[in-house]
Participant: 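Handing you a structure now.
Values below: every heavy atom of this structure, side chains too, minus hydrogens, waters and symmetry copies.
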Amino acid sequence: MNYFLFEDDKHKVNMVFEERELETFVCYWKEGYGIERISEEMKRKPVEIALLILDRAEIGKIKPRKKGIFG
């Protein structure tokens with residue numbers, strides 16, 4: 001049996017981002033905001049922002065930072 005991440009309804013993770021949200025995220029990332037602040041500003045769960053960070057980093061849309069996800 002395989003396990004699929006975030007398949008359980010208990011997660012309630014929204015993995016859909018609008019284009020404007022992506023642009024906002026990149027601005028916050030470049031400004032050095034940490035994951036908690038980004039999630040607060042964007043009114044998203046930290047796990048949603050963490051997944052977005054992984055996605056954007058994997059395809060080269062954001063650069064690594066000294067403090068990583070923490071700003």
Participant: Going hydrophobic residue to hydrophobic residue with side-chain gaps under 4.5 angstrom, can you get from V47 over to I38?
Facilitator: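 Per the 4.5 Å side-chain linkage, V47 and I38 are not co-clustered.
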
Participant: Answer yes or no: are there more than 12 heavy-atom neighbours, outside K45 itself, under 6.0 Å from its atom NZ?
Facilitator: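 Counting other residues, nucleotides and ligands, NZ of K45 exceeds 12 neighbours.
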
Participant: Verify, without hydrogens or angle tests, whether R56 (side chain) and L22 (backbone) share a donor-acceptor contact under 3.5 angstrom.
Facilitator: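 No, because the side chain of R56 does not come within donor-acceptor range (under 3.5 Å) of the backbone of L22.
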
Participant: Let me confirm one number: the CD-CD distance from E21 to E48, rounded to the nearest 0.5 Å.
Facilitator: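 It comes to 9.0 Å.
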
Participant: Mind listing the closest non-hydrogen atom pair of V16 and R44 along with its distance?
Facilitator: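 What the structure gives for the nearest pair is O-NH2, 2.6 Å.
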
Participant: Are D55 and F17 close enough, and set up right, to give a side chain to side chain contact (heavy atoms under 4.5 Å, CB included), and what steps lead you there?
Facilitator: CA-CA 12 Å; D55 175 82; F17 288 83; over 6 Å; no

Participant: Which pair of heavy atoms, one from R65 and one from Y28, lies closest together, and at what distance?
Facilitator: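 That closest heavy-atom pairing would be NH1-O, 4.2 Å.
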
Participant: For residues I69 and I53, report the shortest heavy-atom separation together with the two atoms involved.
Facilitator: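 For I69 and I53, the tightest heavy-atom pair comes out as CG2-CD1, 3.9 Å.
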
Participant: Backbone N or O of K63 within a donor-acceptor pair of the W29 side chain at under 3.5 Å?
Facilitator: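 The answer is yes, because a donor-acceptor pair under 3.5 Å joins these two groups.
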
Participant: Which atoms form the tightest heavy-atom contact between H11 and F6, and what is the distance?
Facilitator: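 Minimum heavy-atom separation between H11 and F6: CD2-CA, 3.4 Å.
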
Participant: Please name the pair of heavy atoms, one in L51 and one in M15, separated by the smallest distance, quoted to 0.1 Å.
Facilitator: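 For L51 and M15, the tightest heavy-atom pair comes out as CD1-SD, 4.0 Å.
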
Participant: Can a donor-acceptor pair be found, under 3.5 Å and without considering hydrogens, that links the side chain of K67 to the backbone of G32?
Facilitator: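 A pair under 3.5 Å: no.
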
Participant: Give a yes or no on whether I35 and L54 share a hydrophobic cluster (residues Ile, Leu, Val, Met, Phe, Trp, Tyr; joining criterion: side-chain heavy atoms under 4.5 Å apart).
Facilitator: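 No.
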
